[in-house]
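Notes to accompany the following structure.
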Amino acid sequence: MKKESVGVVQTKYYNIEEPIELESGKTLDNITVAYETYGELNKEKDNAILICHALSGDAHAAGWHEGDKKPGWWEIVIGPGKALDSEKYFIICSNVLGGCKGTTGPLSINPKTGKEYGLDFPVITIKDMVKVQKRLIDAFGIDKLSAVVGGSMGGMQTLQWLVSYPEMMKKAVAIATTARSSPQQIAFNEVGRQSIVGDPNWNGGNYYGTGKIPKEGLSVARMIAHITYLSDESMYLKFGRDLQDKDEITYDLSMDFQVESYLHHQGASFVKRFDANSYLYITKAVDLFDLAQNNSLIDGFKDVKAKVEIISVDSDWLYPVEQGTEILTALSANDVEVSFSELKSNYGHDAFLLEKGQLNYILSKFLSDNIVEDLMLTDVATITEQAQIEEAAKLMFNRNVTHIPVVTTDKKLIGIVTSWDLSKAIATNSNDLKEIMTKTVKFCHADDSIESTARRMRKLDISCLPVVDDDFKLKGIISTDQISHLVSEYR
Ligand SMILES: CC(=O)SCCNC(=O)CCNC(=O)[C@H](O)C(C)(C)COP(=O)(O)OP(=O)(O)OC[C@H]1O[C@@H](n2cnc3c(N)ncnc32)[C@H](O)[C@@H]1OP(=O)(O)O
Ligand SMILES: N[C@@H](CCO)C(=O)O
């Protein structure tokens, strides 16, 4: 085990007491959520990052389970010193609703019958998955996540978080994903599902405990899907037209090529780790995913508040770059602070699991971006509008400041008085603060980025902005001085 790993970890379980109402209108009782955490939740409970997994992933995103040969599925970016730094963040990953790795899904016991749900399990959606994750986050007492991050179906959950719970996160990263499944994506999933339901062992979904599982069907479903996770170039590089276990073509219908053997291996490995009914339900949730409202993604994203990073992979033909830029455009149209990166990779869609260097670079840059809260001064000299000019002048002199926010007795911001306003008072012989203060005061919020705040200050030609909360109460003040200190620290 390497020192930059979170080490040996265990999956934990959380039971949701109350029934969850699903998007379909049905309800599910007694939901169990399997989850793992890495790092420590800080006292303020503001350093948590939620990781959302892709179609066949699970809660085990990093570290090793006792005795395992392979680490969690996103070991490349999670751990001490990595972009998702477990020494800085409290990282949470849970298995999705409908899954087969500990969270309630079709192979769980239905409390009403005492038997596995099978096809009695209700159809679930990405929104339902996220609703269940929200209960887990609430259970930790976390009001706002530092970030939500996910790739592929995990990216869909991330986008759903932005829409369902816009106030619940500061930042979000959606990788190799879409805001609505395309006909081609639905088509591939349907071929996979037909392969499963056509396997006689599937038996209408009632195969648990029969000793026969729909291995052939599930394996072919995975083989088809796995092709879509690669690129033509990566297949050439891995296998070319090389033969498997033979020196020449045998002119029979047996397997000739390495790529065939590889796909059979991927199919066979998958059957050992995944439940066929879960595959049906989860791919259905992916197909139903569509964040557009009135056929408009701009409308769909109208309430998004967090800062967003969209990452696409140049060789991903399953979730092509255009689907990433479509999200970018719709978020930008809503004035969301959004950036876009393209992974240069020949791996295809699965690059989001493999491109260690590029992912660490993009994620750490985006996640460590400073926000106003990181730099603002919280010990602010304030004054009420009933005060005399002389009082304001003394306060400015004693506190060595040039800007004093004017507040009500319950700290609501109603104006600002500057050293320039005081000169104006002397010139006009005024003694009334109300007359000289700026009433249409410009302000910012604690979770605004430093970059956009600095840009705004330059555009408005002002050197200081009061920071307020949603009730307009003063939280602090930020000036170009603090921002320039930050820049000089970087140099
Ligand atoms: C995303 C989430 O949230 S979690 C889900 C992520 N995990 C998965 O998808 C698991 C299955 N997927 C994979 O293995 C993916 O290809 C990746 C992206 C995770 C790994 O990619 P790579 O490191 O490039 O591995 P690659 O695709 O070459 O596969 C290697 C496997 O193929 C096998 N293999 C390679 N060539 C051949 C061949 N000619 N014949 C048979 N098997 C072969 C290797 O022995 C190895 O087997 P193993 O995984 O059982 O050890
Ligand atoms: N290979 C990954 C990505 C699918 O989108 C998985 O199986 O979950």
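Atoms considered below: every heavy atom in the structure, side chains included; atoms not considered: hydrogens, waters and symmetry mates. Note that ligands are numbered from 1 as they come in the structure, with each ligand's atoms numbered from 1 the same way.
The ring of H226 has its center closer than 6.0 angstrom to the ring center of Y262. Here the two rings, on Y14 and Y35, have centers that are 6.0 Å apart or farther. Between Y347 and Y229, the gap from one ring centroid to the other reaches at least 6.0 Å.
Heavy-atom separations between K101 and ligand 1 are all 4.0 Å or longer. Using a 4.0 Å heavy-atom cutoff, R222 is listed among the residues neighbouring ligand 1. In this structure, H349 is part of the shell of residues with a heavy atom less than 4.0 angstrom from ligand 2. In this structure, M153 falls outside the shell of residues with a heavy atom less than 4.0 angstrom from ligand 1. Q266 does not count as a contact of ligand 2, since none of its heavy atoms falls under 4.0 Å from the ligand.
Judged by distance alone, with hydrogens and angles left aside, the side-chain atoms of K45 form a donor-acceptor pair with the main-chain N or O of F140 at under 3.5 Å.
Contact check on K238 versus E233 returns no salt bridge, with no Lys/Arg side-chain nitrogen under 4.0 Å from an Asp/Glu carboxylate oxygen. A salt bridge is absent between K144 and D46: the closest approach of a Lys/Arg side-chain nitrogen to an acidic carboxylate oxygen does not fall below 4.0 angstrom. Between K344 and E342, at least one side-chain N (NZ, or NE/NH1/NH2) sits under 4.0 Å from a carboxylate O, which counts as a salt bridge.
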**Message:** With side-chain hydrogen bond (donor to acceptor under 3.5 Å, both in side chains) as the criterion, how do T37 and K12 come out once you've worked through the C-alpha distance, each side chain's angles and the decisive distance to 0.1 Å?
**Reply:** CA-CA 9 Å; T37 62; K12 289 164 262 186; 2.9 Å; yes
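Between the side chains of E75 and S5, a donor-acceptor pair is found at a separation under 3.5 Å. A donor and an acceptor atom, one from each side chain of Q157 and Q133, are located under 3.5 Å apart. In this structure, a donor-acceptor pair under 3.5 Å is absent between the side chains of S269 and R222.
Nearest to atom 31 (C) of ligand 1 among the protein's heavy atoms is Q266 NE2, 3.9 Å. Ranking the protein heavy atoms by distance from atom 15 (C) of ligand 1 puts D350 OD2, 3.6 Å first. Nearest protein heavy-atom contact of atom 47 (O) of ligand 1 is H265 NE2, 2.9 Å. The protein non-hydrogen atom at the shortest distance from atom 8 (C) of ligand 1 is R273 NH2, 3.4 Å. When only non-hydrogen protein atoms are considered, atom 51 (O) of ligand 1 lies nearest to K70 NZ, 3.4 Å. Closest to atom 23 (O) of ligand 1 among all protein heavy atoms lies L354 CD2, 3.8 Å. Nearest to atom 27 (O) of ligand 1 among the protein's heavy atoms is Y262 OH, 2.4 Å. In this structure, the protein non-hydrogen atom closest to atom 5 (C) of ligand 1 is S56 OG, 3.6 Å.
The proximity of M255 to ligand 1, defined as any non-hydrogen pair under 4.0 Å, does not occur for either the backbone or the side chain. Here R222 has side-chain heavy atoms under 4.0 Å from ligand 2, and that is the only part of it that gets that close. If you look at H264 next to ligand 1, there are no close heavy atoms at all, none under 4.0 Å. Under 4.0 angstrom from ligand 1, there are no non-hydrogen atoms of F270.
Proximity to F352 (heavy-atom distance under 4.0 Å) selects the following atoms of ligand 1: 1 (C). Within ligand 2, counting atoms from 1 as listed, the ones closer than 4.0 Å to a heavy atom of S56 are 6 (C), 7 (O), 8 (O). Numbered from 1 in the order shown, with element, the atoms of ligand 2 that lie under 4.0 Å from a heavy atom of S152 read 4 (C), 5 (O). Atoms of ligand 1 lying under 4.0 Å from any heavy atom of A54, numbered from 1 in the order shown and given with element: 1 (C), 2 (C), 3 (O). Listed by number with element, the atoms of ligand 1 under 4.0 angstrom from any heavy atom of S261 are 38 (C), 39 (N), 40 (N), 41 (C). Within the listing of ligand 2, atoms 1 (N), 2 (C), 3 (C) sit less than 4.0 angstrom from a heavy atom of D350. Heavy-atom contacts of Q244 reach the following atoms of ligand 1: 38 (C), 39 (N), 40 (N) (cutoff under 4.0 Å). Residue L55 approaches ligand 2 through these ligand atoms, each under 4.0 Å from one of its heavy atoms: 8 (O).
At least one cation-pi condition fails for K115 and Y208: the charged atom is not both under 6.0 angstrom from the six-membered ring centre and inside a 45 degree cone around its axis. A cation-pi contact links K134 to Y165, judged by a cut-off of 6.0 Å to the six-membered ring centre and 45° from its axis.
Annotation: L353 places no N or O atom under 3.5 Å from an N or O atom of ligand 1; distance criterion only. For the pair K238 and ligand 1, the shortest N or O to N or O distance falls below 3.5 Å. Residue Y229 has no nitrogen or oxygen atom sitting less than 3.5 Å from a nitrogen or oxygen atom of ligand 2, judged on distance alone. Of the N or O atoms in H53, none lie within a sub-3.5 Å distance of an N or O in ligand 1. Looking at ligand 1, you won't find any N or O of W73 less than 3.5 Å from one of its N or O atoms. Polar contact check, D58 against ligand 1: no nitrogen or oxygen pair lies under 3.5 Å apart.
Minimum heavy-atom separation, P166 to V304: CB-CA, 4.4 Å.
Using a 4.5 Å cut-off on side-chain heavy atoms (C-beta onward), N277 and L107 make no contact.
Atom CG of L218 sits about 7.5 Å away from atom OH of Y279, to the nearest 0.5 Å. For the atom pair NZ of K127 and CD of E23, the computed distance is 5.0 Å after rounding to the nearest 0.5 Å.
Looking at D287, T178, V286, T228 one by one, the single match for side-chain contact (heavy atoms from CB on, under 4.5 Å) with Q185 turns out to be T178.
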